[in-house]
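The block underneath contains the structure these notes are about, expressed in structure tokens.
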2 protein chains.
Amino acid sequence: MERNTRQRDAILDVISAAGRPLSTQEILTAGKVAVPSLSIATVYRTLKDLVAEGCVLPVKLPGEPDRYEMAKLDDHYHFKCSTCSKVFDIHDRIKKKNLHVPRNFIIEKYDLILYGQCSDCVPKH
Amino acid sequence: MERNTRQRDAILDVISAAGRPLSTQEILTAGKVAVPSLSIATVYRTLKDLVAEGCVLPVKLPGEPDRYEMAKLDDHYHFKCSTCSKVFDIHDRIKKKNLHVPRNFIIEKYDLILYGQCSDCVPKH
DNA sequence: CTGCTATTGATATATTGTTATCATTAATAA
DNA sequence: TTATTAATGATAACAATATATCAATAGCAG
């Protein structure tokens, strides 16, 4: 049967508390605070389980390894800071009527990724 | 000095004629029509040069190797067919005023990727 | 043409992110 | 508390691109 481990709890806590998608390394680093022995193998294994269970979702950005965030968040897209590389959730939607595709094309879903400076990294005047 | 080779011409011709971003394998296959001996190494090398020169741009999709298309096309985003995996250019823009980010965040650019069925793959009724 | 050498083709190697292996540890039932 | 065995930690192996190597080929100047 499945067991409740400190590692699994720590990983879920970290993702849940983050409020933004985290990389596996960020999860490892933050998880080590609660469980110093935490291994990257356990991070990957647990993420795989959590994604299979549907309570965590992978966030995919071009040319980058997946990040992870809690599922059942509202519809949203993502903003990546070009300076600190953190990814933030933007809780907003594009209206389908603003998307124009050729005749006979059917849109099933979309991914919108914004790039720029987050409030911590924007140059102060 | 730089030399003009049949391989380089073939690769540029293929990208230029495609009208959509091509994968390295697509470029290799199409390039072999003009130069049967064409090697994948030459495709990668030439693409690197063409991108450095600025006449070709890499098109990045999450979880996939780069595709390539001619630079100096109008502003556009991309549509990937979930069935045939081809990527198409959509010559359109999202208006900045339709994008909402937190206070003090600055948008430098965005990537919009649509997923769905292209006209060749949409189920005929 | 001829010679020089940039470019090519074939393939080995590097890179990066993820998964598999396996001895050890620790969660749960009894 | 003890036995059972799922889960862990450390690291090797893997997968998928992309780059480096190097002998052979082929542009181009003369």
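The chains referred to below are lettered A, B, ... by the order of the sequence lines, with proteins before strands, and numbering in each begins at 1.
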What is the nucleic acid contact for A:R6, judged by heavy atoms within less than 4.0 Å: base, sugar-phosphate only, or nothing?
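Sugar-phosphate contact only - A:R6 comes under 4.0 Å of backbone atoms but never of a base.
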
Show your working on salt bridge (Lys or Arg N to Asp or Glu O under 4.0 Å) between B:E53 and B:R8 and close with a plain yes or no.
CA-CA 13 Å; B:E53 289 169 23; B:R8 185 187 163 97; 2.9 Å; yes

Side-chain N or O of [X] closer than 4.0 Å to phosphate OP1/OP2 of [N]:
X	N	answer
B:T42	C:dG9	yes
A:S37	D:dG9	yes
B:Y44	D:dA18	yes
A:Q7	C:dA26	no
A:T24	C:dG17	no

For a quick test of reading the model, state the closest non-hydrogen atom pair linking B:E26 to B:P21 and the distance between them.
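So the minimum-distance heavy-atom pair works out to OE1-O, 4.0 Å.
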
Rounding to an integer number of Å, can you tell me how far [X] [atom1] sits from [N] [atom2]?
X	N	atom1	atom2	result
A:L38	C:dT25	CG	P	17 Å
B:L47	C:dT7	CG	C1'	15 Å
B:R3	D:dA29	CZ	C1'	10 Å
A:E2	C:dT28	CD	P	10 Å
B:I11	C:dG9	CD1	P	8 Å
B:N4	C:dT8	CG	C1'	15 Å
A:R8	C:dT28	CZ	P	11 Å
B:K32	C:dG9	NZ	P	8 Å

Determine whether more than 12 heavy atoms belonging to other residues, nucleotides or ligands lie under 6.0 Å from atom NZ of A:K32.
yes

Measure from the ring center of A:F105 to the ring center of B:F88 and say whether it is less than 6.0 Å.
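Yes: the rings meet the under 6.0 Å criterion.
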
No-H, no-angle donor-acceptor pair, B:R45 side chain to C:dG9 base, under 3.5 Å
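Yes, the side chain and the base share a sub-3.5 Å donor-acceptor pair.
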
Start with the C-alpha distance between A:D89 and A:R20, add both sets of side-chain angles, then the distance that settles salt bridge (Lys or Arg N to Asp or Glu O under 4.0 Å), and finish with yes or no.
CA-CA 6 Å; A:D89 290 342; A:R20 61 182 180 84; over 6 Å; no

